[in-house]
**Q** 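Encoded as structure tokens, here's the structure I'll be asking about.
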Amino acid sequence: MKSNTCCFTGHRDCADNSEIREKLMSVITELITVKDVKYFGAGGALGFDTTASLCVLELKKTYPCIKLILVLPCPEQDKYWSYNDKEVYEYIKKKADKIVYVSDKYTNGCMHKRNRYLVDNSRYCVAYCVKNRGGTYYTLNYAERRELEIIRI
């Protein structure tokens, strides 16, 4: 399964970016058609994760064999999100093929644990990283150390 799995990592501040969405649709389609990727793992965060998840769900209409796997840090990840963000999150969770929680409650390390889980169970990593700090930067470096094939958006 790992050889047919791709994870996503990216910044939260890229939501509603049509250019990123178009690139994601193209990259995901190529992963499906050329690399035979069937499983797509996303961390459920705002921004890039949300956009990537929505792209996978849209592409499921054309490629019904693909699966969206949400790897979430804890059940209350969305506790402080806006009403609209929570609605989109709930939609994605309902449409996901599988949900994995890496912790049953919020802890200091649950976000890193989620990110490591995504990388450790993937062969490919689609990344949107423009800052040399933070969780996305850490996850991208971890994916490189684990020798995943990285596709930068």
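Residue numbers run from 1 in the order of the sequence given. Below, all heavy atoms of this structure are taken into account, side chains as well, without hydrogens, waters or symmetry copies.
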**Q** Which atoms form the tightest heavy-atom contact between Arg114 and Ala45, and what is the distance?
**A**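 Here Arg114 and Ala45 meet closest at NH1-CB, 4.2 Å.
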**Q** Working to the nearest 0.5 angstrom, can you tell me the gap between Asp36 CG and Ile66 CD1?
**A**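 Interatomic distance, Asp36 CG to Ile66 CD1, rounded to 0.5 Å: 12.0 Å.
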**Q** Does any non-hydrogen side-chain atom of His11 lie less than 4.5 Å from one of Phe48?
**A**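 A side-chain contact is absent here, since even the closest heavy-atom pair is not under 4.5 Å.
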**Q** Does either side chain, that of Tyr142 or that of Asp120, offer a donor lying less than 3.5 Å from an acceptor on the other one?
**A**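 Yes, side-chain donor-acceptor contact under 3.5 Å.
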**Q** Could you check whether any side-chain heavy atom of Cys129 comes within less than 4.5 Å of a side-chain heavy atom of Thr9, counting everything from C-beta outward?
**A**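 No, every pair of side-chain atoms sits at 4.5 Å or beyond.
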**Q** How close do Ser103 and Pro75 get, heavy atom to heavy atom, and via which atoms?
**A**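 Ser103 and Pro75 have their closest heavy atoms at O-CD, 3.5 Å.
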**Q** Quick one: closest heavy-atom pair of Leu24 and Cys55, and the distance?
**A**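 Distance-wise, the nearest heavy atoms are CB-SG, 4.0 Å.
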**Q** Mind telling me whether Tyr138 and His112 have parallel, tilted or perpendicular rings, with 30° and 60° as the class edges?
**A**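 The rings of His112 and Tyr138 stand perpendicular, inter-plane angle above 60°.
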**Q** Give, for atom NZ of Lys38 and atom OG of Ser3, the distance between the pair rounded to the nearest 0.5 Å.
**A**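 That separation rounds to 10.0 Å.
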**Q** Please examine the side chains of Ser122 and Val119, heavy atoms only from C-beta on, and report whether any two atoms are closer than 4.5 Å.
**A**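 In short, these two side chains do not touch, never coming nearer than 4.5 Å.
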**Q** Nearest 0.5 angstrom please: Lys23 NZ to Ser18 OG, how far?
**A**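 If we round to the nearest 0.5 Å, Lys23:NZ and Ser18:OG are 10.5 Å apart.
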**Q** Applying the 4.5 Å side-chain criterion to the ILVMFWY set and letting contacts propagate, would Tyr128 and Tyr137 be lumped into a single cluster?
**A**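 Different clusters.
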**Q** Examine Tyr117 and Leu148 and state if one hydrophobic cluster contains both, with Ile, Leu, Val, Met, Phe, Trp and Tyr joined whenever side-chain heavy atoms are less than 4.5 Å apart.
**A**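 Each belongs to a different hydrophobic cluster.
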**Q** Using side-chain heavy atoms (C-beta onward) and a distance below 4.5 Å, is Arg21 in contact with Thr51?
**A**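 In contact.
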**Q** What is the minimum heavy-atom distance between Lys60 and Lys67, and which atoms define it?
**A**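 Here Lys60 and Lys67 meet closest at NZ-CA, 4.3 Å.
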**Q** Between Arg12 and Asp49 (salt bridge meaning N to carboxylate O under 4.0 Å), is one present in this structure?
**A**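 Between Asp49 and Arg12 there is no salt bridge, as every charged N stays at least 4.0 Å from the carboxylate O atoms.
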**Q** Please name all residues satisfying side chain to side chain contact (heavy atoms under 4.5 Å, CB included) with Lys93, sequence neighbours left out, ordered by chain then number.
**A**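 Expected list: Leu70, Leu72, Tyr89, Glu90, Ile99, Tyr101.
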**Q** Going through the checks in order, is the side chain to side chain contact (heavy atoms under 4.5 Å, CB included) test met by Ile150 and Glu144?
**A** CA-CA 7 Å; Ile150 310 292; Glu144 289 171 344; 4.0 Å; yes
**Q** How long is the gap from CG on Leu54 to CD on Glu58, to the nearest 0.5 Å?
**A**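 With rounding to 0.5 Å, CG (Leu54) is 8.5 Å from CD (Glu58).
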**Q** Side chains of Val126 and Cys6, heavy atoms from C-beta outward: is any pair under 4.5 Å?
**A**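 Counting from C-beta outward, Val126 and Cys6 do come under 4.5 Å.
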**Q** Is there a path of hydrophobic side-chain contacts, each under 4.5 Å between heavy atoms of I, L, V, M, F, W or Y residues, that connects Tyr124 with Leu140?
**A**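 No, it is not one cluster - the side chains of Tyr124 and Leu140 are not joined through contacts under 4.5 Å.
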**Q** Are Ile92 and Thr50 close enough that some pair of their side-chain heavy atoms sits under 4.5 Å apart?
**A**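 Yes, at least one pair of side-chain atoms sits under 4.5 Å.
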**Q** Under 30°, 30 to 60°, or over 60°: which ring-plane class applies to Phe8 and Phe40, parallel, tilted or perpendicular?
**A**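 Plane angle under 30°, so parallel.
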**Q** Provide the closest heavy-atom pair for Tyr106 versus Met111 in the form atom of the first, atom of the second, distance.
**A**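 For Tyr106 and Met111, the tightest heavy-atom pair comes out as CE1-CE, 4.0 Å.
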**Q** Determine the minimum heavy-atom distance between Arg123 and Glu147, stating which atoms define it.
**A**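 For Arg123 and Glu147, the tightest heavy-atom pair comes out as NH1-O, 3.4 Å.
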**Q** Can Tyr83 and Glu87 be counted as having a side-chain donor-acceptor contact under 3.5 angstrom?
**A**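 Checked: Tyr83/Glu87 side chains pair up, N/O donor to acceptor below 3.5 Å.
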**Q** A quick test of your reading: do over 12 heavy atoms of other residues, nucleotides or ligands sit less than 6.0 Å from CD of Glu30?
**A**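 Counting neighbours around CD of Glu30, 12 or fewer heavy atoms of other residues, nucleotides or ligands fall under 6.0 Å, so no.
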**Q** Under a single-linkage definition using a 4.5 Å side-chain heavy-atom cutoff for Ile, Leu, Val, Met, Phe, Trp and Tyr, are Leu46 and Tyr91 assigned to the same hydrophobic cluster?
**A**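 Cluster IDs for Leu46 and Tyr91 match.
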**Q** Could you see if Val37 belongs to whatever hydrophobic cluster contains Met25? Use Ile, Leu, Val, Met, Phe, Trp, Tyr and a side-chain cutoff under 4.5 Å.
**A**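 Cluster IDs for Val37 and Met25 match.
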**Q** So, do Leu31 and Ile151 sit near enough that their side-chain heavy atoms are less than 4.5 Å apart?
**A**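 With C-beta onward as the side chain, the pair touches.
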